[in-house]
S.K.: 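Before anything else, here's the structure in question.
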There are 2 protein chains.
Amino acid sequence: MRESDKDIIRSLKIFSDVDERLFETLVTAAYAQRFPAQVDLIHEGESADFLYIVLEGCVELFASSHGRETSMAIVSPVSTFVLAATVKDAPYLMSARTVDPSKLLLIPSQNVRDVFDQDPAFARAIVTELATCYRSVVKSMKNLKLRTAIERVGNYILRLHDKSGKADIVELPFGKRNLASILGMTPENLSRAFGALQSHGILMDGARIEIIDRAALETVSKPNPLIDDFRS
Amino acid sequence: MRESDKDIIRSLKIFSDVDERLFETLVTAAYAQRFPAQVDLIHEGESADFLYIVLEGCVELFASSHGRETSMAIVSPVSTFVLAATVKDAPYLMSARTVDPSKLLLIPSQNVRDVFDQDPAFARAIVTELATCYRSVVKSMKNLKLRTAIERVGNYILRLHDKSGKADIVELPFGKRNLASILGMTPENLSRAFGALQSHGILMDGARIEIIDRAALETVSKPNPLIDDFRS
DNA sequence: TTATTGCATTGATAAAAATCAATCATCGGG
DNA sequence: CCCGATGATTGATTTTTATCAATGCAATAA
């Protein structure tokens, strides 16, 4: 582990208040590694040997059953994944692969559990991170169960618009195939949804979306902070 | 708080290893209360003043948006709900109401957070419980995204069969209306799914289901431990 | 440049699920 | 005992979504 990496890790919210000595044990056991795009990292069912933290790039969490596959989430910096499996020492419920070239931090699960028990600040950081993950899945589930495909797409665009600081033009951060799966629909249907939304305040141009009339987009999407707000 | 209640609470896994003095502060601040069936307990968007623990009965977690409503989960003894909101001191993402007459323990969120910071055993218990909740939502989401309506119903029956110790006849633990919403379909569709499954190893009789040919039911349901296993 | 490849789009069709409407139980109260 | 309410079922229909098939389009490598 390079010193520069160590400093970056130390500055992460999850480690910032950890006792110096315990931080050393974590960092010594951990390693930061770069991966190309589209590399399989873990497979559901495997035992949770490591906790992962995305430092750069982004990672897709997905799941399969009897030949079907679906994206569950895209993890971007700086967030963890497979934290629950690490905490419980249980098998992963999701597989993971890089979307873009990525830099990840891998910490052996046993060390995470050890330091959790010894350092209240770390325990607090871990439980907060896990609570954030939980709430994020709950929101995804509400999104899926309470909304139609078009509403999901509309709200996704609204969120992009918010994150961009209400720029006139926003860009999809990853391919439409992935996005469709995240939003619980087929690529064909996503395409049609984008098409349909063009009469409701947007203009599509490949991966770029011009927001022409946000109010119209909101009317059709019915945004709800208890589903869409990426804070809280 | 009655002494008998206190003993019951002390025996819960979440409290069993907590320091005696801190347990006292938690229990003093908490109160156990009985509620009739179909009583609203909390509403999404409210601030998380209490952590809830279901001691008896059962509670439905549900969510709404623009006039639609869906069940997210049924919580039965002994489990918590709204733990993530408590940890983060954030608004509830789900509403809750009793299904059956229920006995609940309410602990002020502030006390939960305080004791979390002071007692590693409690911290460990809380994070494990939260990890269990997280994994449970992930499994629900996989269930929804990877399976058809009939498969979801089939696997639900298989799980009931497992929990009953493979009894010949299993009984639905709550109304079909609730079940339909949990499984992400309309009551009408649930009815038809039950009907369709009768040619695949089951026999319906109101809320009772006779399991005639489990293998046939499995063939059509394609169970998957990483979705259905209620342990892990 | 031109193939090649992978993704995105579009149209036609099929399947799945929701909705609407009516009927049928079941259960508790008068 | 019947009555009314609630929930479940069934059938007909519409809507939504997925699937299948064909085409287009852009990036890449020969």
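Atom set for the values below is all heavy atoms of this structure, side chains included, hydrogens, waters and symmetry mates excluded. In what follows, chains carry the letters A, B, and so on, assigned in the order in which the sequence lines appear, proteins first and then strands, with residues in each chain numbered from 1.
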S.K.: Do A:Asp162 and A:Arg214 meet the salt-bridge criterion of a basic N to acidic O distance under 4.0 Å?
M.R.: yes

S.K.: With a 4.5 Å limit on heavy-atom distance, are the side chains of A:His66 and B:Asn224 in contact?
M.R.: no

S.K.: For the pair made of CG in B:Asn189 and C1' in D:dT13, what is the distance, rounded to whole Å?
M.R.: 14 Å

S.K.: Looking just at side-chain N and O atoms, do B:Asp100 and B:Ser102 make a donor-acceptor pair shorter than 3.5 Å?
M.R.: no

S.K.: Quick one: are A:Asp40 and A:Arg97 in side-chain contact, heavy atoms under 4.5 Å?
M.R.: yes

S.K.: Take the protein atom CD of B:Gln198 and the nucleotide atom C1' of D:dA8, then report the distance between them rounded to whole Å.
M.R.: 14 Å

S.K.: In whole Å, I'd like the distance from the CG atom of A:Leu190 to the C1' atom of D:dT19.
M.R.: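 Computing the A:Leu190:CG to D:dT19:C1' distance gives 16 Å.
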
S.K.: Assess, by modelled atom type and distance only, whether the side chains of B:Thr132 and A:Lys88 contain a donor and an acceptor separated by less than 3.5 Å.
M.R.: yes

S.K.: What nucleotide among D:dT10, D:dA18, D:dC20 has an atom nearest to a side-chain atom of A:Glu188?
M.R.: D:dC20

S.K.: Are the side chains of A:Phe194 and A:Leu179 in contact, using a 4.5 Å heavy-atom criterion?
M.R.: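 A:Leu179 reaches A:Phe194 side chain to side chain.
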
S.K.: What is the distance from CZ of B:Phe194 to P of D:dT9, rounded to the nearest Å?
M.R.: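 Rounded to whole Å, this separation is 8 Å.
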
S.K.: To the nearest angstrom, how far is A:Arg208 atom CZ from D:dC25 atom P?
M.R.: 16 Å

S.K.: Anything under 4.0 Å to a heavy atom of chain B counts; send over the first and last such nucleotide of DNA chain C, read 5' to 3'.
M.R.: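 Counting from the 5' end, contacts occupy C:dA17 to C:dC20.
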
S.K.: Below 4.5 Å, heavy atoms only, C-beta onward: do B:Ile182 and B:Tyr156 meet side chain to side chain?
M.R.: no

S.K.: With respect to the side chain of B:Arg177, which nucleotide from D:dT19, D:dT10, D:dA8 is positioned closest?
M.R.: D:dA8

S.K.: Roughly, in whole Å, what's the span from CG in A:Leu144 to P in D:dT16?
M.R.: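 To the nearest whole Å, that distance equals 17 Å.
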
S.K.: Rounded to the Å, how far apart are A:Met204 CE and D:dC25 P?
M.R.: 16 Å

S.K.: Just call it for B:Gly175: base, sugar-phosphate, or nothing, with non-hydrogen atoms closer than 4.0 Å on any strand.
M.R.: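 Contact class for B:Gly175: sugar-phosphate only.
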
S.K.: Using whole Å, what does the distance between atom P of nucleotide D:dA12 and atom CZ of B:Arg192 come to?
M.R.: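 Computing the B:Arg192:CZ to D:dA12:P distance gives 11 Å.
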
